[in-house]
2 protein chains.
Amino acid sequence: MSLNDRKIKILQAIINDYIATAEPVGSRTIAKKYSLGISSATIRNEMSDLEEMGFIIQPHASSGRIPSDLGYRLYVDCLMQKKELDKEEQLFLQNIVSKNISQIDYLMEETAKAISALTNYTTIITEPIPIGTKLKQIRLLPLDQDSILLVIATDGNYSKNHMLKVNYPPSEDRIFEIGKRINRILQGHSWENITENIISLLRNELQEFSFLLEPLLLAVEQTIRSAENVQFHLSGAKNILAFPEFSDVQKAKSIFQALEEKDLLVNLLSERSGSDLQILIGNENSVQSMKDCSVITATYKLGNNAQGTIGILGPTRMDYSQVISVLNEMVQNIETVLKNIDQKNDS
Amino acid sequence: MSLNDRKIKILQAIINDYIATAEPVGSRTIAKKYSLGISSATIRNEMSDLEEMGFIIQPHASSGRIPSDLGYRLYVDCLMQKKELDKEEQLFLQNIVSKNISQIDYLMEETAKAISALTNYTTIITEPIPIGTKLKQIRLLPLDQDSILLVIATDGNYSKNHMLKVNYPPSEDRIFEIGKRINRILQGHSWENITENIISLLRNELQEFSFLLEPLLLAVEQTIRSAENVQFHLSGAKNILAFPEFSDVQKAKSIFQALEEKDLLVNLLSERSGSDLQILIGNENSVQSMKDCSVITATYKLGNNAQGTIGILGPTRMDYSQVISVLNEMVQNIETVLKNIDQKNDS
DNA sequence: ATTAGCACTCAAATCAATCGAGTGCTAACA
DNA sequence: TGTTAGCACTCGATTGATTTGAGTGCTAAT
């Protein structure tokens, strides 16, 4: 018994139909809707073979067939035809990137929103930055009579501001000056690097403004920690409720549950096989409560060894070809922009 | 027929029981669980009266009673006893605030998370800032050979950074210098205020770095827009799925739908009657799909005329007294910290 | 005024009957 | 030998009848 051409056509018909309707597909349906030139009886015979080979499943004895994980796997690996995004969709995605170049966390947040809006699936993006992040610039800017804005920028195009309140503020020039000194001392250091030694250096430099020391260190720690943290963006979780396979609240809830566990999702996105585009179908992913879901992940590279992952999560009968084109398009957009930045940095 | 003491005791029992179980409450249940010293028959008579007065409803002829919106209203206005948070909960909430003073958007995000974690309801926070936001400080910081960090701070303790990429960067000193000039020109202006006139001033000052002009203006616009935008934080939406009243996926979905419409929620939170704490029960709120929900909102004042709102959304049978204590505690925490800041600013 | 007692109501659970989409198998056919 | 018409069969889903039980309202006795 071999996977001849006809069997493949039938399998493809089943998968297409099931992706569209979420209902088990019967032989008569295929005979009528897809003009394969053979009768439903013949199709039945072939389907029986396909089931024996493990590509399709009969949920119960007198129902139609649905694709198995293996069936989807074959589909994804061999049968699926690439879909081109139309101009409108391409522009939509390109716009998201080009409008948010200057702030990477906004970019990722908007990317997640855009993808889930376009696909109606759930989007998860991780934005990892290598550990050992170093301080690049620290500045103090006078704002009010008694507020100072502390700006901390680190490796990896990351920056964060902190508002410091002071009762007896130094003059503007002094503030700049103090900022410069702090910068001179801390620049280039990672958090682990900031020893008692450096702290006492700071204390010396700050002199009469020693009350700034504590909030300063706190802010530095927070900034580095949050730069080193896997930044994480999730969007479109509610889309899950739209799929009939999750019309059981219990199922929906267990997925929402999983979606709130950041560590679990980070793991899910990093289950990878070196390939840029990875497709995990049903039980292939390790999260038990998501065995009816597929996750398609793509990595985008920020140059060096920093890379992030975009994952799209939907029911196993998701529209793989659409998702893949969206991912490809988006990764390409992001990489074009970020490589651009990186090349410049390397020069 | 008057609302005598006994009727009130019975109503209270019904509401307490229904809040706990989400099941219609019968006369026998009350007779057994709450030792009111009267028989179920008497309770039945009283319940009949309470129904006639509109405080309770019989979902169908032979079922127990559930509180009506009016019943909850009476409960909330008169019957409910205040609940004190325990030390642990207080500390938990205080910590959230004290750990996030320096960045207001983080503070609100974390506040929303904390409240929904503590109450198991859904939390919505708006953080409105009066329009006509003015630029307070603009600075350029050299970062790399070819990246410049543009820092823009506005009224209302708001600031945002933007990464600028340049091919032929000026020297560090020049960068500072240009930043200062830009600052001198733009400081104190609102977006509407930036006329052609000012732009040409800028163009003059920038001279050979005129290529900075466009990204600069774009960043200024973005920052002001996002400062003036009602910042918005939503957390714990998935909690909705845990309540039996929303075990119908359709209902859950329609609520999730509403929760994604920012404008609608902003309206919901601003439906107010001047009072600091507002409770909208069931149909009292204007959103049709949320007629089975109650929303409790509290305003926190940032001094002057800037104020934000924290809203907690749950089923009408939510634990009003818990939610109110959490809100009071949190508003107090936030105001203490922010008033502190504001007093200093006014000095 | 309260309560025991009882008839009554109605949603929910249970069960049987029916329906129909779909299958597998067989025999006939090209 | 591969294909197909035909038919018996399967089983989930739907429908309807029946039972159950929590709860009520009313009445008459206390």
Side-chain angles (χ1 to χ4, degrees), chain A residues 1-11 13-15 17-18 20-68 71 244-245 247-248, chain B residues 1-11 13-15 17-18 20-68 71 244-245 247-248:
Chain A
M1 185 170 49
S2 71
L3 246 195
N4 57 23
D5 196 49
R6 197 167 65 182
K7 282 196 180 57
I8 287 184
K9 281 214 182 83
I10 291 175
L11 179 60
I14 293 174
I15 294 180
D17 212 76
Y18 189 69
T21 66
E23 293 289 338
V25 190
S27 54
R28 262 172 61 89
T29 312
I30 295 180
K32 269 189 278 180
K33 279 216 266 188
Y34 303 81
S35 31
L36 301 181
I38 46 179
S39 77
S40 68
T42 311
I43 294 175
R44 267 203 296 287
N45 291 331
E46 296 288 39
M47 279 166 86
S48 175
D49 290 355
L50 282 169
E51 182 167 15
E52 204 174 317
M53 291 189 255
F55 294 117
I56 53 181
I57 291 173
Q58 208 171 11
H60 58 87
S62 67
S63 78
R65 306 304 213 290
I66 63 175
S68 67
E245 33 271 87
S247 64
D248 173 23
Chain B
M1 185 168 51
S2 72
L3 247 195
N4 57 22
D5 197 51
R6 197 168 65 184
K7 282 195 179 61
I8 287 184
K9 281 215 181 82
I10 292 174
L11 180 58
I14 294 174
I15 294 180
D17 212 75
Y18 189 69
T21 66
E23 293 288 339
V25 190
S27 54
R28 262 172 62 88
T29 312
I30 294 181
K32 268 189 277 180
K33 278 215 267 186
Y34 303 80
S35 32
L36 300 181
I38 45 179
S39 77
S40 70
T42 310
I43 294 174
R44 266 201 298 286
N45 291 330
E46 297 287 38
M47 280 166 87
S48 175
D49 290 355
L50 282 169
E51 181 167 15
E52 205 174 316
M53 291 189 257
F55 294 117
I56 54 180
I57 292 172
Q58 208 172 10
H60 58 86
S62 66
S63 79
R65 307 302 214 289
I66 63 175
S68 66
E245 32 270 86
S247 64
D248 173 24

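Computed from heavy atoms alone, side chains included, the values below leave out hydrogens, waters and symmetry copies. Sequence lines set the chain letters: A, B, ... in the order given, protein chains first and strands last, and positions in each chain run from 1.
Shown here are the side-chain hydrogen bond (donor to acceptor under 3.5 Å, both in side chains) partners of B:Ser62, two or more places apart in sequence or in another chain: there are none. Scored by the side-chain contact (heavy atoms from CB on, under 4.5 Å) test, A:Ala22 finds A:Pro244, A:Glu245, A:Arg317 as partners (sequence neighbours excluded). Checked against side-chain hydrogen bond (donor to acceptor under 3.5 Å, both in side chains), B:Ser63 has no partners two or more places apart in sequence or in another chain. Every residue was checked against the side-chain hydrogen bond (donor to acceptor under 3.5 Å, both in side chains) condition with B:Gln58, not counting sequence neighbours, and none meets it. B:Ile8 is linked by a side-chain contact (heavy atoms from CB on, under 4.5 Å) to B:Leu3, B:Leu79, counting only residues two or more places apart in sequence or in another chain. Annotation: side-chain hydrogen bond (donor to acceptor under 3.5 Å, both in side chains) contacts of A:Asn4 (sequence neighbours excluded): none. Residues forming a side-chain contact (heavy atoms from CB on, under 4.5 Å) with B:Leu36 (at least two apart in sequence, or on another chain): B:Lys9, B:Ile10, B:Ile30, B:Tyr34, B:Ile38.
Among the atoms of the strands shown, only primed sugar atoms or phosphate atoms (P, OP1, OP2) are found under 4.0 Å from some heavy atom of A:Ser63.
Comparing the helix axis at one end of the helix from C:dA1-D:dT30 to C:dA30-D:dT1 with that at the other, each defined from 5 consecutive pairs, gives an inter-axis angle of 20° (nearest 10°).
Sorted by first and then second residue, the pairs that involve residues 20-30 of chain B and meet side chain to side chain donor-acceptor pair (under 3.5 Å), not counting sequence neighbours, are B:Ser27-B:Arg44.
Each of A:Met47 and B:Ala61 was assigned the nucleotide of DNA chain C with the nearest heavy atom; the assignment lying further toward the 5' end belongs to B:Ala61.
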With 3.5 Å as the limit, what N/O pairs link the protein to nucleotides 14-21 of chain C?
none

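For DNA chain D, the span of nucleotides reached by chain A at under 4.0 Å from its heavy atoms goes, 5' to 3', from D:dT3 to D:dG12.
Nucleotide C:dG22 holds its P atom 17 Å from the CG atom of A:Asn45, rounded to whole Å.
Sorted by residue number, the members of residues 31-40 of chain B with any non-hydrogen atom under 4.0 Å from DNA chain C read B:Ile38, B:Ser39.
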